[in-house]
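In this text, all values refer to a predicted model and were calculated from it rather than measured experimentally. Naming convention: chains lettered A, B, ... in sequence-line order (proteins, then strands); numbering from 1 in each chain.
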2 protein chains.
Amino acid sequence: MLDFCVLLLLRRGPSYAADIILRLKEAELIVVEGTLYPLLSRLRRDGLLSYQWQESLQGPPRKYYSLTPDGLRVLDELDAAWEELARTVGLLKSAPPVLPAPGDVPIRL
Amino acid sequence: MLDFCVLLLLRRGPSYAADIILRLKEAELIVVEGTLYPLLSRLRRDGLLSYQWQESLQGPPRKYYSLTPDGLRVLDELDAAWEELARTVGLLKSAPPVLPAPGDVPIRL
DNA sequence: ATACGGTACTTTGTATTGCAAGGTATTTGG
DNA sequence: CCAAATACCTTGCAATACAAAGTACCGTAT
């Protein structure tokens, strides 16, 4: 899930950790440093992200992460998986409620 | 997620592990015994599920799990959380693509 | 110059969770 | 009485999210 959301965010364009956390928070997704930094490192190690150092106007330089072609491809797959999951949950939610079905075997203690 | 899906399934009525696995598989959710049994135990320990032993016509007796009032309440909360997540992902997905925004600071190497 | 506050990146330890694999028990059929 | 089928459970391992603490860089004020 988080991988998916981070990749979705980065599809808009390069960004760095603190900014990603901010943008996710705006979307009501609470993520902290200790979660995001290892996640970004892992996605980079897997070739889905790359980064460029970029100097900041104030403070230390930042690692701007962006999608690689592989990352974009994986994002498409995650997108399909998400749609599938949403469909599945929709199915489960629309299922008939507690009414006992005709063929149910009665529960004997 | 899995908690949510299992609770959704059990909202239809009591069921036991092997049957839950089957029904989830029909919904394209692959779950195995080693995952489900501890999950059911945990939900029961937390008071969201209860179970009754029920003899089977063929084979050993089964633990039929069903939602408790607490379980139904938590399910409603998870439902709200799911809707919120779906909304969030929808937002992230509908975000503008890679076009550089006007105010972007140019990347300097 | 240097000390401090703010920004950014990283690491370590812990709890949770999903899975593979293997184990126990009960029932039915040969 | 043994084997196959069904059902429940446990153990060990890998992945991941978090809290917390650590390191480093920058600009500013002393």
Handout entry: B:D3 CG - C:dT17 P separation (whole Å)
Key = 7 Å

Shorter than 3.5 Å, N or O on both sides, protein versus nucleotides 6-10 of chain C: list them out with atom names.
{"from": "C:dA8", "atom 1": "OP1", "to": "A:Y16", "atom 2": "OH", "distance (Å)": "3.0"}
{"from": "C:dA8", "atom 1": "OP1", "to": "A:R62", "atom 2": "NE", "distance (Å)": "2.6"}
{"from": "C:dA8", "atom 1": "OP1", "to": "A:R62", "atom 2": "NH2", "distance (Å)": "2.7"}
{"from": "C:dC9", "atom 1": "OP1", "to": "A:K63", "atom 2": "N", "distance (Å)": "2.6"}
{"from": "C:dC9", "atom 1": "OP2", "to": "A:Y37", "atom 2": "OH", "distance (Å)": "2.6"}
{"from": "C:dC9", "atom 1": "N4", "to": "A:E33", "atom 2": "OE1", "distance (Å)": "3.3"}
{"from": "C:dT10", "atom 1": "OP1", "to": "A:K63", "atom 2": "NZ", "distance (Å)": "2.4"}
{"from": "C:dT10", "atom 1": "O4", "to": "A:E33", "atom 2": "OE1", "distance (Å)": "3.4"}

Practice task
Taking only Lys NZ, Arg NE, NH1 and NH2, and the carboxylate oxygens of Asp or Glu, determine whether B:D19 and B:R62 approach each other closer than 4.0 Å.
Solution key: no

Exercise for the section: Using a cut-off of 6.0 Å, state whether more than 12 heavy atoms not belonging to B:K25 lie near its atom NZ. Expected result: no

Fill in the blank from the handout: Here the gap from B:E26 atom CD to A:L92 atom CG, rounded to the nearest 0.5 Å, amounts to 10.5 Å

Handout entry: Length of the CE-P vector between B:M1 and D:dA15, whole Å
Key = 22 Å

Exercise for the section: Starting at atom CG of B:L24, determine the distance to atom P of C:dC19, rounded to an integer number of angstrom. Expected result: 11 Å

Practice task
Indicate yes or no: does A:D76 engage A:R73 in a salt bridge with an N to O separation below 4.0 Å.
Solution key: no

Fill in the blank from the handout: note: A:R42, atom CZ; D:dA17, atom P; distance rounded to Å ~ 7 Å

Fill in the blank from the handout: To the nearest angstrom, the CZ-P distance between B:R45 and D:dT10 comes to 12 Å

Problem - d(CG, B:L57; C1', D:dA5) in whole Å - result: 15 Å

Practice task
Establish, yes or no, whether a centroid distance under 6.0 Å links the rings of A:Y64 and A:Y51.
Solution key: no

Practice task
Measure the distance from CZ on B:R44 to P on D:dC9 and round it to the nearest whole Å.
Solution key: 10 Å

Exercise for the section: Give one of base, sugar-phosphate or nothing for A:I30, where a contact means two heavy atoms less than 4.0 Å apart. Expected result: sugar-phosphate

Completion exercise
Separation of D:dC8 atom P from B:L40 atom CG, nearest Å, is 9 Å

Practice task
Using a strict 4.0 Å threshold on nitrogen-to-oxygen distance, state whether B:R87 and B:E84 make a salt bridge.
Solution key: yes

